[in-house]
Amino acid sequence: DAGVIQSPRHEVTEMGQEVTLRCKPISGHDYLFWYRQTMMQGLELLVYFNNKAVMDDSGMPKDRFSAKMPNASFSTLKIQPSEPRDSAVYFCASGRDRDTEAFFGQGTRLTVV
Amino acid sequence: GEDVEQSLFLSVREGDSSVINCTYTDSSSTYLYWYKQEPGAGLQLLTYIFSNMDMKQDQRLTVLLNKKDKHLSLRIADTQTGDSAIYFCADAGEGKLIFGQGTTLQVKP
């Protein structure tokens with residue numbers, strides 16, 4: 001398996017634009033997590049799915065962020081409109097079940113100018 | 001809510017032992033984890049400990065768990081320059097992985 005695949009690796013966008021981050025989890029993993037990493041806040045859990053259903057999105061600013069998992073092999077995190085404070089590295093991770101290892105993608109470095 | 005805390009920075013000399021500490025609040029976790037992040041990369045699982053264990057040893061790594069104090073530590077013996085990275089402890093309570101802020105380990109030659 002190629003591991004968790006995220007795209008794009010880097011994204012630079014202007015404030016107010018829509019940004020879509022993509023993730024392909026490892027096949028057979030029922031759990032998918034979206035994290036955001038910044039110097040100030042560290043690694044924050046934004047949202048996670050189990051079998052494509054949102055289990056907890058309490059860490060996600062819902063006025064501008066939305067996360068979807070239309071099928072077992074694809075998830076998106078959308079920011080609309082984007083703001084400079086959204087600049088961060090966004091990681092997607094997947095796991096087989098709730099208590100086992102989470103495998104991380106390489107991350108998407110988002111810069112909003 | 002659930003919280004995981006770590007010190008932010010540790011500097012050691014090559015060959016010394018490193019000890020990275022972590023405290024957590026959720027006592028229902030089945031496992032506790034240590035992840036390593038190298039520059040420009042995602043996190044990778046380094047080791048983990050089952051919550052009914054006190055200690056786990058894996059080559060140069062020793063994990064100690066004190067459930068009463070909700071304290072987890074990672075000891076790296078004979079620290080090498082290649083061990084320089086950010087180390088995260090993580091708690092898998094309530095079905096989601098919650099990470100500490102990460103401890104940056106700097107290894108001086």
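Chain identifiers are assigned alphabetically (A, B, ...) following the order of the sequence lines, protein sequences preceding nucleic acid strands; residue numbering begins at 1 within each chain. On a predicted model such as this, the values are computed, not experimentally measured, just so you know. The figures that follow rest on heavy atoms only: side chains count, while hydrogens, waters and symmetry mates do not.
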(message) Taking side chain as everything from C-beta outward and backbone as N, CA, C, O, which of these in Y35(A) sits under 4.5 Å from a heavy atom of chain B? Side chain, backbone, both or neither.
(response) side chain

(request) Give, as side chain, backbone, both or neither, the part of R109(A) having an atom under 4.5 angstrom from any heavy atom of chain B. (result) neither

(request) Look at the side-chain heavy atoms of Ile, Leu, Val, Met, Phe, Trp and Tyr, link any pair under 4.5 Å apart, and say whether L8(B) and I98(B) land in one connected group. (result) no

(message) For residues L10(B) and L72(B): do they belong to one hydrophobic cluster (side chain heavy atoms under 4.5 Å, members Ile, Leu, Val, Met, Phe, Trp, Tyr)?
(response) yes

Should we count [atom1] of [X] as having more than 12 external heavy atoms under 6.0 Å?
X      : atom1 : answer
Q44(B) : CD    : no
K78(A) : NZ    : no
M15(A) : CE    : no
Y48(B) : OH    : no

(message) Contact between L97(B) and L45(A) at the side-chain level, heavy atoms closer than 4.5 Å - yes or no?
(response) no

(request) Determine whether L43(A) and L43(B) make a side-chain contact, defined as any pair of heavy atoms from C-beta on separated by less than 4.5 Å. (result) yes

(request) Give a yes or no answer on whether the side chain of Y35(B) reaches the backbone of A102(A) with a donor-acceptor pair at less than 3.5 Å. (result) yes

(message) When you compare the side chains of Q37(B) and Q37(A), does any donor N or O come within less than 3.5 Å of an acceptor on the partner?
(response) yes

(message) To the nearest 0.5 Å, what is the distance between CD on Q101(B) and CE on M40(A)?
(response) 11.5 Å

(request) Can you spot which of F91(A), F33(A), F104(A) makes a ring-ring contact (aromatic ring centres under 6.0 Å, His included) with F99(B)? (result) F104(A)

